[in-house]
Protein chains: 2
Amino acid sequence: MTRKSHSITIRDVARQADVSVATVSRYINRNAPVSPEVAERISKVMAELNYVPHAAARHLATRKTRSIGLLLTTINYDFFTPLLSGLERVVAENNHNLLVATYRADLRKDYPPPVGPHNTDGVVVFADALQEEQLAQWYRMNFPMVLVHRTPPPYLNVPYVTIENKAASRKIVDHLIEVHGRRRIMFTRGLENHEDSHWRELGYKASLEAHGIPYDPRLIIRGEFDREVTYQEMSAFLANNHPDFDAVFASDDDSALGVIRALHDADIPVPEAVSVVGFDDQHFSCILPLPLTTVRAPTEEVGRMAGLQMFKLLQGEPADPMTLLPTEIVIRQSCGCNESQ
Amino acid sequence: MTRKSHSITIRDVARQADVSVATVSRYINRNAPVSPEVAERISKVMAELNYVPHAAARHLATRKTRSIGLLLTTINYDFFTPLLSGLERVVAENNHNLLVATYRADLRKDYPPPVGPHNTDGVVVFADALQEEQLAQWYRMNFPMVLVHRTPPPYLNVPYVTIENKAASRKIVDHLIEVHGRRRIMFTRGLENHEDSHWRELGYKASLEAHGIPYDPRLIIRGEFDREVTYQEMSAFLANNHPDFDAVFASDDDSALGVIRALHDADIPVPEAVSVVGFDDQHFSCILPLPLTTVRAPTEEVGRMAGLQMFKLLQGEPADPMTLLPTEIVIRQSCGCNESQ
DNA sequence: CCGGTTACAGTAACCGGTTACATTATTACA
DNA sequence: TGTAATAATGTAACCGGTTACTGTAACCGG
């Protein structure tokens with residue numbers, strides 16, 4: 001064993017196969033003709049030496065990393081499983097790698113994002129993982145990006161894929177009003193700066209307005225898309241003397257769980273006294289004690305679509321500026337309906 | 001704009017700061033002293049130019065990728081959210097990147113694994129994502145690996161982290177027998193080649209044996225850790241004339257859900273006629289209509305520990321050959337207990 | 001005042017691929 | 001038969017960092 005335990009390189013293969021490195025490279029990438037006999041020789045030597053091209057060297061030379069990044073704000077929600085799964089499949093099908101990272105632009109202004117032009121060919125950005133300034137900078141350098149659950153600022157032509165939030169929200173609140181006669185409907189706001197929450201709130205307001213119900217800001221509480229936070233907020237709301245209410249539209253299913261628990265603690269019967277509905281139709285929503293009336297969000301499809309758009313960008317094809325995936329409300333029992341299943 | 005829209009390199013920084021590239025490199029890596037004034041100049045220029053070192057170039061020179069791989073069999077289970085989350089945190093804390101990939105050794109023998117020595121400094125391998133032969137090969141080349149939910153073959157000294165399956169399984173079956181007087185207990189087997197399932201079955205058998213209950217293979221059905229599969233299998237079991245049973249130990253919580261639904265369809269009251277228990281204590285298990293008696297698996301901790309072991313390996317410190325995380329049974333109501341919460 | 005450290009900085013080789021350009025042999029065609 | 005086009009291959013520069021080696025000046029103890 002020599003002093004360098006160095007790995008086998010393309011030059012080793014070239015020497016053994018008695019050809020030049022260029023030829024080996026061409027054989028590997030099949031981007032120029034190589035005579036059959038030579039191909040055979042190279043192939044044999046590669047197998048013998050167990051040669052695998054060094055990714056970094058390749059990246060350096062081609063300026064392609066063959067990997068794409070996924071930038072999340074957190075990995076706490078079950079929500080991310082389908083997203084990741086959908087994206088990973090597309091990425092793998094295209095023979096690329098997936099770099100998963102978390103980053104909260106608001107918390108780490110001093111550090112650069114863990115994935116970016118330096119280590120990926122493009123990144124899929126979830127919601128507000130990145131601030132506008134960073135998006136703009138990457139946009140200027142033509143770095144491929146796809147936004148999910150976020151609309152780019154109007155001056156940035158970045159493809160985004162998200163779901164139909166407003167119409168579905170409106171529809172589910174319509175349901176509360178029209179079918180169940182609710183008129184004092186609470187809303188548990190999602191995360192600040194999180195667009196989904198914003199649109200859901202707009203849908204909520206639109207429904208109220210359409211039915212001539214005044215908007216009462218006292219019926220809005222914090223939820224942050226988090227079961228615990230919502231539970232705390234809802235409990236606090238109930239503890240103090242609070243305005244009347246007869247329904248809750250939670251900004252997501254996780255939040256709805258917190259609402260239900262708080263109501264349960266306060267001995268308020270659901271759905272008899274208060275209807276509760278959510279958003280997302282998460283994995284668990286149909287198997288709850290009180291199956292949740294909610295909106296089905298095609299999260300896996302969001303991941304898949306984001307991947308498809310990304311590869312369109314990478315192949316120089318025009319990507320769809322906007323992919324808006326349809327949602328549909330699913331009526332179960334937490335609103336007061338009694339679909340026997 | 002010149003023909004090359006080339007990115008800014010360390011040489012650009014060096015030129016602007018009027019120092020050599022070596023000095024810039026040393027400043028960036030802080031691996032050799034740099035005078036304060038020069039440091040200041042470099043720092044300023046780097047910020048101005050918005051310079052980020054090119055990862056591939058660095059990899060090539062240092063032969064370190066600063067990224068570690070996670071090799072999964074699938075991303076379908078909610079189970080993976082905590083695993084991923086725990087691992088990602090450690091990886092990020094150590095300033096590395098996380099490459100997530102799926103691979104089924106049994107399905108893709110011809111293709112090499114998507115993560116390996118060519119693009120990572122080490123990989124965390126879940127269960128049977130990789131075959132023994134591949135493990136052995138990487139082991140021979142000293143490639144750092146950590147196994148999760150899998151024991152390495154005895155001749156491979158690869159650290160692994162997993163959870164205590166057998167004792168907890170035995171304890172939960174003991175509970176069914178001792179507290180609820182069950183004696184005809186079914187088991188829904190998890191995935192073939194999946195070690196967890198194997199150990200859980202051993203715990204199950206051990207409990208039976210300790211209580212003098214004969215093992216009846218007719219009480220074992222397929223579950224594959226999957227709600228749907230288990231539902232189908234359990235339904236099929238119930239449809240044909242089947243041996244008596246009074247309890248089911250499902251190999252995981254997802255599977256338990258399938259069991260409960262099948263029993264429900266057949267109008268068999270749970271937990272009155274049949275006790276059902278699971279394993280994992282997933283996110284949803286406590287909020288089910290019938291809160292699940294199960295075993296708490298510290299999955300996030302598994303991810304964290306796997307990461308810690310990996311970085312021990314990378315830093316040349318000795319890693320713990322085995323990390324066995326404790327589990328505990330959590331008694332809720334699906335077994336027949338009636339903990340009012 | 002002198003030999004030996006030490007702190008700081010620069011030059012250039014090197015990591016392992018890709019590829020522009022050059023070269024040679026072969027085939028096609030007027 | 002001469003010439004152009006084409007196929008197959010080789011040479012060497014280049015991608016953007018790191019670092020071994022070298023040099024200089026300041027500092028230190030005797």
Side-chain angles (χ1 to χ4, degrees), chain A residues 2-43 45-46 49-67 112 116-121 141, chain B residues 2-43 45-46 49-67 95 116-119 121:
Chain A
T2 68
R3 77 211 130 80
K4 314 187 66 178
S5 75
H6 89 144
S7 52
I8 37 180
T9 75
I10 197 171
R11 285 169 233 267
D12 297 321
V13 176
R15 195 179 325 111
Q16 286 247 8
D18 198 31
V19 295
S20 73
V21 292
T23 303
V24 177
S25 174
R26 290 193 270 253
Y27 168 73
I28 292 171
N29 298 305
R30 282 148 171 73
N31 54 8
V34 170
S35 72
E37 317 90 78
V38 170
E40 170 68 19
R41 277 213 315 277
I42 294 176
S43 156
V45 172
M46 280 188 11
L49 298 185
N50 225 302
Y51 169 73
V52 180
H54 192 288
R58 209 173 222 181
H59 299 169
L60 185 56
T62 60
R63 336 201 80 249
K64 301 231 151 296
T65 65
R66 301 196 71 79
S67 60
H118 62 290
N119 58 2
T120 53
D121 295 345
M141 50 199 290
Chain B
T2 68
R3 78 208 129 83
K4 316 188 64 178
S5 75
H6 89 145
S7 52
I8 37 178
T9 74
I10 198 172
R11 285 169 233 266
D12 297 321
V13 176
R15 195 178 325 110
Q16 286 247 7
D18 199 31
V19 293
S20 73
V21 292
T23 304
V24 177
S25 175
R26 290 194 270 254
Y27 168 73
I28 292 171
N29 298 305
R30 282 148 172 73
N31 53 8
V34 170
S35 73
E37 316 90 80
V38 170
E40 170 68 17
R41 280 213 312 278
I42 294 176
S43 154
V45 171
M46 280 186 15
L49 298 184
N50 228 303
Y51 169 72
V52 180
H54 193 287
R58 209 174 222 181
H59 299 170
L60 185 56
T62 60
R63 335 200 82 251
K64 303 229 151 297
T65 65
R66 300 196 72 79
S67 61
N95 292 308
H118 61 290
N119 59 2
D121 295 345

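Since this is a predicted model, take the numbers as computed values, not measurements. Residue numbers begin at 1 in each chain, while the letters A, B, ... track the order of the sequences.
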task: Please report the C-alpha distance between B/Asn119 and A/Arg58 in whole Å, then the side-chain angles of each, then the deciding distance to 0.1 Å, and finally whether the side-chain hydrogen bond (donor to acceptor under 3.5 Å, both in side chains) criterion is met.
output: CA-CA 11 Å; B/Asn119 59 2; A/Arg58 209 173 222 181; over 6 Å; no

- prompt: How far apart are the C-alpha atoms of B/Ser25 and B/Val21, what are their side-chain angles, what is the distance that settles it, and do they pass the side chain to side chain contact (heavy atoms under 4.5 Å, CB included) test?
  reply: CA-CA 6 Å; B/Ser25 175; B/Val21 292; over 6 Å; no

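Contacts of B/Arg11 classified as salt bridge (Lys or Arg N to Asp or Glu O under 4.0 Å), with partners at least two apart in sequence or in another chain: none. Listed by chain and residue number, A/Ser20, A/Arg26 satisfy the side chain to side chain contact (heavy atoms under 4.5 Å, CB included) test with A/Ala22 (two or more places apart in sequence, or in another chain). Every residue meeting the side chain to side chain contact (heavy atoms under 4.5 Å, CB included) condition with B/Asn50, not counting sequence neighbours, appears here in chain and number order: A/Gln137. Every residue meeting the side chain to side chain contact (heavy atoms under 4.5 Å, CB included) condition with A/Ala39, not counting sequence neighbours, appears here in chain and number order: A/Tyr27, A/Val34.
Between A/Met46 and the options A/Asp12, A/Ile10, A/Ile28, a side-chain contact (heavy atoms from CB on, under 4.5 Å) holds for only A/Ile28.
Across the helix from C/dC1-D/dG30 to C/dA30-D/dT1, the helix axis at one end is tilted relative to the axis at the other end by 30° (nearest 10 degrees, each axis from five pairs).
Distance, B/Lys64 NZ to C/dG16 P: 13 Å, rounded to whole Å. A/Met46 has its CE atom 11 Å from the P atom of C/dG17, to the nearest Å. Here D/dG16 presents its P atom at 12 Å from CZ of B/Arg15, a figure rounded to the nearest Å. Atom CG of B/Leu60 is separated from atom P of D/dT19 by 12 Å (rounded to the nearest Å). One interatomic measurement links the two molecules: CD1 of A/Ile28 to C1' of C/dG17, which rounds to 9 Å at whole-angstrom precision. Summarising the geometry, the separation between CD1 on A/Ile10 and P on C/dG16 is reported as 12 Å, rounded to the nearest angstrom. Taking atom CG of residue A/Asp12 and atom P of nucleotide C/dC15, one finds them 11 Å apart after rounding to whole Å. Regarding B/Arg63, its CZ atom lies at a distance of 12 Å from the P atom of D/dT19, rounded to whole Å.
Residues of residues 30-42 of chain B having a heavy atom closer than 4.0 Å to DNA chain D, listed by number: B/Asn31.
From A/Thr62, atom OG1 reaches atom CG of A/Asn29 across 9.0 Å, with rounding to the nearest 0.5 Å.
The shortest distance between side-chain heavy atoms of B/Ser67 and B/Asp121 does not fall below 4.5 Å. Residues A/Val45 and A/Ile42 fail the side-chain proximity criterion, which asks for heavy atoms closer than 4.5 Å.
Between A/His118 and B/Ala55 the shortest heavy-atom distance is O-CB, 3.1 Å. For the pair A/Tyr51 and A/Thr9, the tightest heavy-atom approach, listed with the atom from each and the gap, is CE1-C, 3.6 Å. Between A/Arg41 and A/Ala17, the closest heavy-atom pair is NE-O, 2.9 Å. Across B/Leu49 and B/Ile8, no two heavy atoms sit closer than the pair O-CD1, 2.6 Å.
Residue A/Tyr51 is classed as a sugar-phosphate contact, given heavy-atom separations below 4.0 Å to backbone atoms only. In this structure, A/Val19 reaches the sugar-phosphate backbone alone: every heavy-atom distance under 4.0 Å involves primed, P, OP1 or OP2 atoms, never a base.
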Atom pairs under 3.5 Å, N or O on each side, protein against nucleotides 20-27 of chain D: can you list them with distances?
none

Provide a list of protein-nucleic acid N or O atom pairs under 3.5 angstrom, restricted to nucleotides 26-28 of chain C.
none

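Between B/Ser20 and C/dG10, a side-chain N or O to OP1/OP2 separation shorter than 4.0 Å is present. For the pair A/Thr62 and C/dT19, the criterion of a side-chain N or O lying under 4.0 Å from OP1 or OP2 is not met.
In this structure, the nucleotide among D/dG16, C/dG16, C/dT18 sitting nearest to the side chain of B/Arg11 is D/dG16. With D/dG17, D/dC15, C/dG17 as the candidates, the nucleotide lying closest to the side chain of A/Pro53 is C/dG17.
Put simply, the side chain of A/Arg58 and the base of C/dG16 share no donor and acceptor less than 3.5 Å apart.
Each of B/Asp18 and B/Ala57 lies near DNA chain C, and the nucleotide nearest B/Asp18 is the one positioned closer to the 5' end. Summary of the strand contacts: A/Ser25 and B/Thr23 both lie near DNA chain C, and taking for each the nucleotide with the nearest heavy atom, the more 5' one is attributed to B/Thr23.
Without hydrogens or angle criteria, A/Thr23 side chain to A/Val19 main chain gives no donor-acceptor distance under 3.5 Å.
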